[in-house]
Amino acid sequence: MTPLELATSNGARLQNAHAGAALAIRGMTVSYGQKPAVFSVDMSVPVGSMTAIIGPNGAGKSTLLKAALGVIKPLAGTATVFGQPVADARARIAYVPQRASVDWDFPTRVLDVVLMGLYRELGLLGRLRGTHKAKAMDCLARVGMQDFASRQIGQLSGGQQQRVFLARALAQNADLYLLDEPFAGVDAATEKAIIDVLKSLRAEGKTVVAVHHDLSTVADYFDRVFLINTTRVAEGTVEEAFTPQTLQEAYGGRLATGQLGQTALGA
Amino acid sequence: MMGEEFVALSLTPILIGTLAAIACALPGNFLLLRRQALIGDAISHVVLPGIVVAFLITGVVAAVPMMLGAAGAAVVAVVMIEAIRRLGKIEPGAAMGVTFTAMFAGGVLLLEQSDTSTVHLDVEHALFGNLESLIWLDATGWSSLWDRDALAYLPVELPRLLAVLIVVALFTWIYWRPLKLSTFDEGFAQSMGIRTGPLGFALVIVAALAAVAAFDAVGSIIVIAMFICPPAAARLMTNSLGAQVAWSVLFATLSAVLGYVFAGYGPIWLGANNAVSAAGMIAAVSGVILAITAVAGPCRSRSGAPAEG
């Protein structure tokens, strides 16, 4: 095979691999200033999987998600969702940003935040009906926050805020859920509530991708791992991609080798 | 004071002040929550040289050339801010501060050097507007409100501000949901397909429209005060955005009406001879309302309120 044929057949193979993907990212490159935050990253998330995006601080985990969603404009690269460009697939995507990215002093109540998830359904001036509120209440109940519906959002604890964000994503009734550090700074009860909801989503055939920090829970919570440190380090099932070697490669000397071994073995 | 004298001398200034206050307060709510409250301040400073230059070129104080001049000044301001920021490697806030004050000062100097004695355009009017002079001399009493001939001589600022207020209110009403969503959580709004960049720009344009129209009638002091004080006071009254906007309209109206009445009659009640500037008094009243809500408003406890459970 000539290099050209090889490249073409590679491309065709990639094309096929991406065709059935819930989220497919190709050649994603993002830069803040001079230094690239994400460089030429490919990613392919199978439908119905639960994927953890892991990597050291500043490795470009959140940036990759935001670039795929078009929240940040990438220098290069494309993202498709269920084979469609992201702009055409917005109704099938639910995004949960980092909790700390918004101002919780904003004058609004818990139920109103969940109703924001129905914006695409309601449109600019569509009337808010009882059915919409009932739907939002159902979503709050799924995360155990139904008693807080009329609470001002500034009065919630960090874990409660995170659950409200998840309820808003549930209201979107999407097929692909992208979560940015859903377990950051939450209490144990919230962590349990969130992972239960995410697992129930997977059971319904939905696809979940979450930026994740806690290496000790990766094997329990997720079935796939995407390791990134500006470039892609490893991608695959937990067994394939979450090994001492790949972690060493992603984190470098930042984790003690012993700890790495333990973590990767799920001990 | 409720007779024909009131309709001829006080009704139109009060209405114009109220319309200007509400037109500024509506977008002010969103600017405040976006931590961009000073944009109103900035706009009212930057537009002055543009308005003066428009007057020097056309020789009249008319709406269209003034708007164009204001828009031109805004463009110059944006270019200057970027230039200072990039060439001087100065942080954006400082670059804006320098640009706004320099342009306003430039506008004041231009005003002093140009012959504007025939029109209502001088340093004092730039600051305080000319609310007291926007009277309706053709009115003979309340019945004039149904008199076509008298209505034809209403001060031109009244219908102009009414039109601007309608535009501002329509914008707020139609884009309520995306404005609320993108103000609270911009990343999420973008993920839903809301074009937050153009929307934020539209909000600033609408604020600028209100600022320029109000500036013409009531001066920059009211513009600055009305963008910030009524929304800030309203935020302390409620934890709901809809109610906040409603409170801000009420506070803007209260400021305009009470401010005008106090300015005209307050000094006389206190035994002084002369009325004081209505614009100054309106801004002062809005400040007092903010002070009262800051001390006694029901929703003063912000972040840091203890979370339960």
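Naming: A, B, ... by sequence-line order, numbering from 1 per chain. Just so you know, these numbers use all the heavy atoms, side chains as well, and skip hydrogens, waters and symmetry mates. This structure is a prediction, so every number in the text was calculated from the model and none was measured.
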Please state whether the rings of Phe184(B) and Phe106(A) are parallel, tilted or perpendicular, taking 30° and 60° as the class boundaries.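 Aromatic pair Phe184(B)/Phe106(A) classed tilted.
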
Which atoms of Thr196(B) are under 4.5 Å from chain A, going by heavy atoms: the side chain, the backbone, both sets, or neither?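 Answer is neither: Thr196(B) stays 4.5 Å or more from chain A.
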
What I'd like to find out is whether the side chain of [X] reaches to under 4.5 Å of the side chain of [Y], using heavy atoms alone.
X         : Y         : value
Tyr119(A) : Pro178(B) : yes
Glu186(B) : Val102(A) : no
Thr108(A) : Lys180(B) : yes

Nearest non-hydrogen partners of Pro97(A) and Phe188(B), listed with the distance: CG-CB, 4.1 Å

Minimum heavy-atom distance Leu33(B)-Pro107(A), with the two atoms named: CD2-CD, 3.5 Å

Would one find more than 12 heavy atoms of other residues, nucleotides or ligands at under 6.0 Å from atom [atom1] of [X]?
X         : atom1 : answer
Tyr221(A) : OH    : yes
Phe39(A)  : CZ    : no
Tyr32(A)  : OH    : yes
Arg120(A) : CZ    : yes
Lys199(A) : NZ    : yes

Rounded at 0.5 Å granularity, tell me how far [atom1] in [X] sits from [atom2] in [Y].
X         : Y         : atom1 : atom2 : result
Arg177(B) : Leu122(A) : CZ    : CG    : 4.5 Å
Leu125(A) : Trp176(B) : CG    : CH2   : 12.5 Å
Asn239(B) : Arg151(A) : CG    : CZ    : 12.0 Å
Gln172(A) : Ser191(B) : CD    : OG    : 6.0 Å
Lys73(A)  : Gln190(B) : NZ    : CD    : 12.5 Å
Ser240(B) : Gln152(A) : OG    : CD    : 9.0 Å

Side chain to side chain contact (heavy atoms under 4.5 Å, CB included) assessment of Asp103(A) paired with Arg35(B): CA-CA 10 Å; Asp103(A) 173 13; Arg35(B) 308 268 191 268; 3.2 Å; yes

Which of the residues Leu124(A), Leu69(A), Ile72(A), Leu178(A) is involved in the greatest number of heavy-atom pairs with chain B at under 4.5 angstrom?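 Most pairs with chain B among the choices: Leu124(A).
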
Val113(A) portion near chain B, given a 4.5 angstrom heavy-atom threshold: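 Interface part for Val113(A): side chain.
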
With a 4.5 angstrom heavy-atom cut-off, which part of Leu65(A) approaches chain B: side chain, backbone, both or neither? neither

Determine, for Asp105(A) against Arg235(B), whether the closest basic-nitrogen to carboxylate-oxygen distance falls under 4.0 angstrom. no

Considering heavy atoms only, which positions within residues 24-32 of chain B lie below 4.5 Å of chain A? none

What residues form a side chain to side chain donor-acceptor pair (under 3.5 Å) with Ser62(A), not counting sequence neighbours?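 Result, side chain to side chain donor-acceptor pair (under 3.5 Å) vs Ser62(A): Gln98(A), Asp180(A).
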
